There are 2 protein chains.
Amino acid sequence: MQDTAPPTATGPESATPYTPTARTVPTRAKERASYDRELVHSILDAACLCHLGFVRDAAPVVLPTLYGRVGERLYVHGSTGSRPLRNARAAADPGLPVCLTVTHVDALVLARSAFHHSINYRSVVVHGTATTVTDPEERRIALDAIVDQAVPGRSRDARPANTKELAATAVIRLDLDEVSAKVRTGGPNDEPEDLTLPHWTGIVPLTRGYGSPVPAEDLDPAVGVPEYLRAL
Amino acid sequence: MQDTAPPTATGPESATPYTPTARTVPTRAKERASYDRELVHSILDAACLCHLGFVRDAAPVVLPTLYGRVGERLYVHGSTGSRPLRNARAAADPGLPVCLTVTHVDALVLARSAFHHSINYRSVVVHGTATTVTDPEERRIALDAIVDQAVPGRSRDARPANTKELAATAVIRLDLDEVSAKVRTGGPNDEPEDLTLPHWTGIVPLTRGYGSPVPAEDLDPAVGVPEYLRAL
């Protein structure tokens with residue numbers, strides 16, 4: 001039977017790494033792979049959008065979607081009519097095989113040789129079986145987590161979903177069991193014989209940030225920008 | 001037989017939209033979907049990293065990877081030992097079913113209700129069958145395109161791949177046939193009865209940019225930052 005108990009603060013020790021499996025050990029650049037729980041969490045927590053893959057009619061489908069992390073669980077939501085959610089419900093037991101990937105691009109890496117061009121990045125790939133969340137309390141926690149993943153603290157400053165909205169919202173859960181991170185940092189790795197070539201070499205950092213919040217046209221001007229937005 | 005003819009400048013008229021198919025018509029938010037060729041190209045050209053999905057052992061796999069666009073063709077490369085490339089070669093005829101997705105997040109959209117929280121984004125989803133590129137000239141064009149996708153003009157200022165590097169590099173091609181874009185813009189769409197709620201509402205733009213190029217430690221100081229990097 002599906003475990004729909006609400007998540008608790010109690011989880012695996014953060015010092016315990018994820019256990020590598022056949023599909024979380026890369027076939028190349030093995031030195032970039034990590035199973036460190038804190039690293040995985042930090043990469044996940046720095047984003048709010050993932051790319052969720054599933055199989056439909058024997059073909060892969062990859063859709064961008066928001067997510068939220070609560071301890072060792074990831075939550076994704078959507079319309080009850082949307083494809084992955086519908087598939088997850090149709091296959092509620094044993095669930096929908098998915099692959100959820102989160103990637104940050106930190107820099108372009110320009111080597112002297114085209115071959116050694118690369119990017120600095122941080123990514124997490126989660127393999128597993130997504131199951132539909134039916135427990136009302138866990139659904140509430142999940143929906144808050146998805147809002148707070150993008151803007152920490154926001155869920156407490158918004159009208160919670162009402163009965164009609166809840167009925168239209170499917171929530172699926174993916175446990176962080178089969179997980180790996182992959183990180184590249186540093187400069188180009190040129191071949192020794194290329195070091196005297198005349199090409200510029202180095203990295204171009206990519207910057208990301210938040211612009212000033214733009215209030216909706218119909219917002220009462222008396223409502224100031226909340227503290228949790230200033231803290232972004 | 002596989003078509004490995006080099007791409008040419010001749011392609012479908014940019015005014016001709018892609019033809020919608022069962023899997024490129026979304027089940028929801030249909031008004032956000034587009035099959036406009038120029039829009040699709042502009043979204044693809046504003047990125048260099050995609051999320052590539054394929055099926056392995058009946059389960060989905062989604063990996064971040066660099067790509068390049070040449071007209072109506074996308075190219076992805078990798079080590080000949082890497083999984084998707086190996087799979088594509090193993091299945092060279094009829095090829096490897098893939099889904100290639102590119103997403104830009106432009107803003108966080110904060111509605112008064114949790115339910116109407118969203119993001120402004122631009123995404124492209126390409127379904128199709130990836131085939132291994134074997135024609136040497138097309139491989140050269142593809143590898144240049146992947147370098148130039150990240151930094152336009154860079155391929156002319158780097159040592160091209162040598163025979164050994166070419167032998168270690170697999171290139172796969174995905175034609176832009178079954179393609180859709182999805183775009184959300186604008187502010188929150190709150191319910192009329194929520195307009196008087198006291199919560200801040202609006203959007204928070206996400207900014208992206210390039211930091212100053214950081215030369216490699218072993219770069220001859222006489223080599224200045226090239227014009228194509230200043231133009232980023």
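Everything numeric here is computed off the predicted structure, so don't read it as measured data. Below, chain A is the first sequence line, B the second, and so on; all start at residue 1.
If you check the side chains of Tyr228(B) and Asp157(B), you find a donor sitting under 3.5 Å from an acceptor. Side-chain atoms of Thr21(B) and Glu178(B) form a donor-acceptor pair, as typed in the model, at a separation below 3.5 Å. Residues His116(A) and Asn189(A) bring no donor and acceptor atom of their side chains to less than 3.5 Å of each other. Under the 3.5 Å distance criterion, with hydrogens and angles disregarded, no donor-acceptor pair is assigned to the side chains of His104(B) and Ser123(B). No hydrogens or angles considered: nothing links the side chains of Gln149(B) and Tyr75(B) as a donor-acceptor pair under 3.5 Å. Of the N and O atoms on the side chains of Arg154(A) and His199(B), not one donor lies less than 3.5 Å from an acceptor on the other residue.
With a 4.5 Å cut-off on non-hydrogen atoms, Val105(A) touches chain B through its side chain but not through its backbone. Heavy atoms closer than 4.5 Å to chain B are found in the backbone of Ala111(A), but not in its side chain. For His127(A), the part lying near chain B is the side chain, with the backbone staying farther off; criterion is any non-hydrogen pair under 4.5 Å. Using a 4.5 Å cut-off between heavy atoms, Leu232(A) touches chain B through its side chain atoms alone. Both the backbone and the side chain of Leu219(B) have a heavy atom closer than 4.5 Å to some heavy atom of chain A. When heavy atoms are compared at a cutoff of 4.5 Å, Val109(A) does not approach chain B at all. Only the backbone of Ser212(A) comes within contact range of chain B, with at least one heavy atom under 4.5 Å from a heavy atom of that chain. Proximity to chain A involves both the backbone and the side chain of Ile203(B), based on heavy atoms less than 4.5 angstrom apart.
Between chain B and the residues Val147(A), Leu108(A), Leu197(A), Asp218(A), the largest count of heavy-atom pairs under 4.5 Å involves Asp218(A). Per-residue heavy-atom pair counts under 4.5 Å with chain B were compared for Ala114(A), Ala29(A), Cys99(A), and the maximum is reached by Cys99(A). Of the residues considered (Ser113(A), Ala161(A), Gly53(A)), Ser113(A) shows the highest number of contacts with chain B, using heavy-atom pairs under 4.5 Å. Contacts with chain A were tallied for Pro226(B), Ala59(B), Ala168(B); Pro226(B) has the most, counting heavy-atom pairs under 4.5 Å. Between chain B and the options Ser155(A), Pro213(A), Gly209(A), Ala222(A), heavy-atom pairs under 4.5 Å are most frequent for Gly209(A). Across Val223(A), Thr201(A), Val204(A), Leu206(A), the residue that shares the most heavy-atom pairs under 4.5 angstrom with chain B is Thr201(A). With chain A as the partner, the residue from Leu229(B), Val214(B), Val98(B) showing the most heavy-atom pairs under 4.5 Å is Val214(B). Chain B forms more heavy-atom pairs under 4.5 Å with one residue of Ala107(A), Ala58(A), Gly224(A) than with any other, namely Gly224(A).
In terms of the side chain to side chain donor-acceptor pair (under 3.5 Å) criterion, residue partners of Asp144(A) (sequence neighbours excluded) are, by chain and number, Arg140(A). Listed by chain and residue number, nothing satisfies the salt bridge (charged side-chain N to carboxylate O under 4.0 Å, His left out) test with Arg139(A) (two or more places apart in sequence, or in another chain). A search for salt bridge (charged side-chain N to carboxylate O under 4.0 Å, His left out) contacts involving Asp194(A) returns Arg159(B), not counting sequence neighbours.
In Glu31(A), the CD atom is crowded: over 12 heavy atoms of neighbouring residues, nucleotides or ligands sit closer than 6.0 Å. Within 6.0 Å of CD in Glu193(A) there are more than 12 heavy atoms belonging to other residues, nucleotides or ligands. In the displayed structure, Arg208(B) atom CZ is contacted under 6.0 Å by more than 12 heavy atoms of other residues, nucleotides or ligands.
Contact residues of residues 181-188 of chain A toward chain B are Pro188(A) (heavy-atom distance under 4.5 Å).
Separation of atoms CD1 (Ile43(A)) and OG (Ser34(A)) is listed at 7.5 Å; rounding is to 0.5 Å.
No side-chain heavy atom of Leu100(B) sits under 4.5 Å from any side-chain heavy atom of Val62(A).
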